[in-house]
Q: 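This is the structure, below, for whatever I ask next.
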Amino acid sequence: MTQPPHDEPTAATPEELREQVEQTRHELGDTVEALADKSDVKARSQEKAAQAKEQASAKATELTGQVKAKAAEAAYLVQEKLPDPVKDKAAAAAEQARVKAGQAQQMWHDRAPEPVRNNRTPLIAAGATLAVTFLLLRRKKRKSGGVLA
């Protein structure tokens, strides 16, 4: 029925024929397995979803680091320009913000769905940093008569 390939010599002995048959079976098994893997749409989509989730997590981690660095830089610049009484009030406001952040974290833990809660730390840190920066800028604006210096 099928003819052997032209570039391979035909087997002369029954042992060589058995080896060729076994090798052909092995190659056919590998081919069938590869085709089955390609046709398994559900598994391929799950793999792609896992890859996308991993990439999104890595990007979120990177962005969180950038936000923290920028917030720290902004807080440092603001702190350098503030007089001591304002710094004292800002410290009190920061403590109050920490307390509120703790309360928000507890509320988040109590009410947020499980998948969302697993990524809460970067979000809370960024939110707390932004809140402190906002409070510092707002107090400075009030102190300077409504115009940011």
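Just the heavy atoms: all of them, side chains too, but no hydrogens, waters or symmetry mates, feed the values below.
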Q: Do you know which two heavy atoms are closest between Lys38 and Arg44, and how far apart they sit?
A: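 Taking Lys38 first and Arg44 second, the nearest heavy atoms are O-NH1, 2.9 Å.
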Q: When rounded to the nearest 0.5 angstrom, what distance separates CG in Asp30 from CG in Leu35?
A: 11.0 Å
Q: Counting heavy atoms not belonging to Glu27, are there more than 12 under 6.0 Å from its CD?
A: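 More than 12 within 6.0 Å, yes.
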Q: Using the side-chain hydrogen bond (donor to acceptor under 3.5 Å, both in side chains) rule, take Gln51 and Glu47 through it: C-alpha gap first, then chi angles, then the decisive distance, then the call.
A: CA-CA 6 Å; Gln51 287 175 348; Glu47 288 174 11; 5.9 Å; no
Q: Considering all heavy atoms of both residues, which atom of Ala97 and which atom of Val132 are nearest to each other, and what is their separation?
A: CB-CG2, 3.9 Å
Q: Looking only at heavy atoms, which two atoms of Ala71 and Thr133 are closest? And how far apart?
A: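 The answer is O-OG1, 4.4 Å.
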Q: Of all residues at least two apart in sequence or in a different chain, which pass the salt bridge (charged side-chain N to carboxylate O under 4.0 Å, His left out) check with Glu22?
A: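 Salt bridge (charged side-chain N to carboxylate O under 4.0 Å, His left out) list for Glu22, sorted by chain: Arg25.
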Q: Passes salt bridge (charged side-chain N to carboxylate O under 4.0 Å, His left out), Lys70 versus Glu73? Steps please.
A: CA-CA 5 Å; Lys70 295 244 185 224; Glu73 182 182 344; 5.5 Å; no
Q: Just how far is it from atom NZ of Lys100 to atom CG of Leu135, taken to the nearest 0.5 Å?
A: 11.5 Å
Q: When rounded to the nearest 0.5 angstrom, what is the spacing between CG in Leu77 and CG in Leu136?
A: 12.0 Å
Q: Where the side chain of Ser57 meets the backbone of Lys53, is there a donor-acceptor pair that is under 3.5 Å apart?
A: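 Not at all, since once roles are kept as given, no pair shorter than 3.5 Å links the two residues.
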Q: Near Gln96 CD, under 6.0 Å, is it more than 12 heavy atoms from other residues, nucleotides or ligands?
A: no
Q: Taking the side chain as every heavy atom from C-beta outward, state whether Leu63 and Gln66 have any pair of such atoms under 4.5 Å apart.
A: yes
Q: Looking at residues at least two apart in the chain, or sitting in another chain, which of them share a salt bridge (charged side-chain N to carboxylate O under 4.0 Å, His left out) with Arg18?
A: Glu15
